[in-house]
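Read the structure below first, then the notes.
Order of listing sets the numbers, starting from 1, for every ligand and every atom in it.
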Amino acid sequence: MNELGRLDDLPVAYREALTRQNLVPLWPSLRAVLPPGKPQPRTRATHWSYEALRPLLLEAGELTPIERAERRVLVLANPGHGLEKMQASAAMYLGMQLLLPGEWAPSHRHTPNAVRMIVEGSGAYTTVDGQKCPMSRGDLILTPTGLWHEHGHDGTEPVVWLDVLDLPLVYYMEASYHLDGPRQSVKPGQGERGYARGGVVPTPMFERQGSAYPMLRYPWVDTRAALESLAADQPALDAVQVTYVNPETGGHAQNILGLYALMLRPGQTLTLPARSPASVFHLIEGGIDVRVEDQTFTLAEADTCCAPGYTAVTLRNRAASAPAFIFIADETPLHRKLGVFENRG
Ligand code: GTQ
């Protein structure tokens, strides 16, 4: 590979003439934008301890009333991108959101897609497109692009959830904005009840339902049961993993980020292949080690970590007698749609 000319090889007057005409020479930057063999990600493997961040989140509840926050969130920011960018990876944003009893986070809608993974507490709900979704630990609730959503809390203890948004991507595309709206009226019915059993879908008068987002809440009791029954049915299966899908299409539940739940058997070590998308791991239940290149993170319940793309990730269940349950988010649908998806094994 030839060594390419550098910017300071060029006469100052020439560089200034280029700048005056909004021109830039490619060759000094060619290797930076097209590095050899694999990308050089800014995304750094990073671990956020729930036990360590929880007191700061609760303190935010004392310092900043919900009216002054709208959404009371501490963002899990990747230092590789610069904390102010509020990115976990190129396309993923993570935030821990606190809602206190009696509080209400008013209705809005926006272009980025969001999901919530409920971390602790009960009695809170989010209303998405008129559908009231109760929040319990481990539940996954979708807030797809453009749908009205607001959060309320009728319980007695703080409620915390993990927000996963494709905000960095949508912001980068200069397509990110929000609209405020009035309190939603709640419609009867909950999408997940019609799709509560695999293999059958609602077809009133023989017709499939047209909704783009037929299921907004994926209760953890159901996802956990699906993993346990898969593990029991296939004792030799290494990756006991399910994908959160749109039950009408079978495709990913949302357009840009992929959402999965994974069960590690007691004592199991599992290496996930090096694939192009970056990933986020959030421990719902158990205790695991996550190894990313030369770093190993020890995750306790409710901890979260991220790994850059093109990197194998090894997960180890530290418990010899109990399974571990992990929520995973990644950028797979985005990479596949763009045609840049790779699995390097
Ligand atoms: O709950 O609607 O973490 O709009 C960031 C932006 C949460 C929300 C976030 C949001 C929300």
Side-chain angles (χ1 to χ4, degrees), residues 46 48 50 53-54 56-58 60-61 63-78 81 83-121 123-136 139-153 158-184 186 213 216-218 253-257 259 280 282 302 304 306 327 329:
T46 306
W48 296 270
Y50 187 63
L53 74 79
R54 188 177 183 276
L56 295 172
L57 187 56
L58 292 176
L63 295 171
T64 306
I66 192 70
E67 296 74 22
R68 301 287 310 278
E70 212 167 283
R71 299 295 190 263
R72 194 192 288 109
V73 176
L74 293 181
V75 178
L76 281 50
N78 192 306
H81 287 270
L83 300 183
E84 72 290 349
K85 290 279 170 55
M86 299 197 299
Q87 292 179 237
S89 71
M92 291 189 284
Y93 155 106
L94 302 173
M96 280 287 178
Q97 182 160 173
L98 170 69
L99 198 66
L100 295 171
E103 288 185 335
W104 181 61
S107 189
H108 72 185
R109 61 191 183 112
H110 41 68
T111 43
N113 296 273
V115 302
R116 338 255 162 223
M117 166 51 55
I118 315 310
V119 174
E120 76 167 68
Y125 58 89
T126 180
T127 303
V128 183
D129 196 27
Q131 200 183 120
K132 188 169 175 176
C133 302
M135 295 170 141
S136 308
D139 290 353
L140 182 76
I141 299 173
L142 308 187
T143 308
T145 179
L147 299 192
W148 293 108
H149 55 281
E150 63 199 65
H151 316 303
H153 192 345
V159 166
V160 177
W161 63 84
L162 175 69
D163 290 315
V164 185
L165 281 79
D166 50 24
L167 178 62
L169 175 77
V170 179
Y171 182 79
Y172 175 75
M173 291 164 57
E174 301 189 338
S176 181
Y177 73 95
H178 91 283
L179 296 172
D180 290 322
R183 195 164 194 139
Q184 298 170 73
V186 173
Y213 300 102
L216 295 171
R217 175 169 178 259
Y218 295 73
Q254 292 196 159
N255 284 326
I256 294 175
L257 301 183
L259 307 162
V280 164
H282 174 81
T304 305
C306 72
F327 168 65

- Query: Checking side-chain contact (heavy atoms from CB on, under 4.5 Å) for the pair W161/D139: CA distance, chi angles, key distance, verdict?
  - Reply: CA-CA 10 Å; W161 63 84; D139 290 353; over 6 Å; no
Taking side-chain contact (heavy atoms from CB on, under 4.5 Å) as the criterion, tell me which of L140, I141, L259 meets it with Y218.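 The option that passes is L140.
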- Query: Is it the case that T143 and R116 place a side-chain donor and acceptor less than 3.5 Å from each other?
  - Reply: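 Their side chains do contain a donor-acceptor pair, which is all the 3.5 Å distance test asks for.
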Short N or O contacts of ligand 1 with protein, under 3.5 Å, listed by atom name?
| residue | atom | partner | partner atom | Å |
| --- | --- | --- | --- | --- |
| ligand 1 | 1 (O) | R71 | NE | 3.0 |
| ligand 1 | 1 (O) | Q97 | NE2 | 3.1 |
| ligand 1 | 1 (O) | R116 | NH1 | 3.1 |
| ligand 1 | 1 (O) | H151 | NE2 | 2.8 |
| ligand 1 | 2 (O) | R71 | NE | 2.8 |
| ligand 1 | 2 (O) | H108 | NE2 | 2.9 |
| ligand 1 | 2 (O) | H149 | NE2 | 2.9 |
| ligand 1 | 3 (O) | Y93 | OH | 2.8 |
| ligand 1 | 3 (O) | D163 | OD2 | 2.8 |
| ligand 1 | 4 (O) | H108 | NE2 | 3.0 |
| ligand 1 | 4 (O) | H110 | NE2 | 3.0 |

Margin query: Are the side chains of P106 and E70 in contact, using a 4.5 Å heavy-atom criterion?
Written below: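 Of all side-chain heavy-atom pairs linking P106 with E70, at least one is under 4.5 Å.
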Atom CD of residue position E84 - does it have more than 12 heavy atoms of other residues, nucleotides or ligands inside 6.0 Å?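 Yes, the 6.0 Å shell around CD holds more than 12 heavy atoms from other groups.
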M96 vs T304, side-chain contact (heavy atoms from CB on, under 4.5 Å): CA-CA, chis, key distance, verdict:
CA-CA 10 Å; M96 280 287 178; T304 305; 4.1 Å; yes
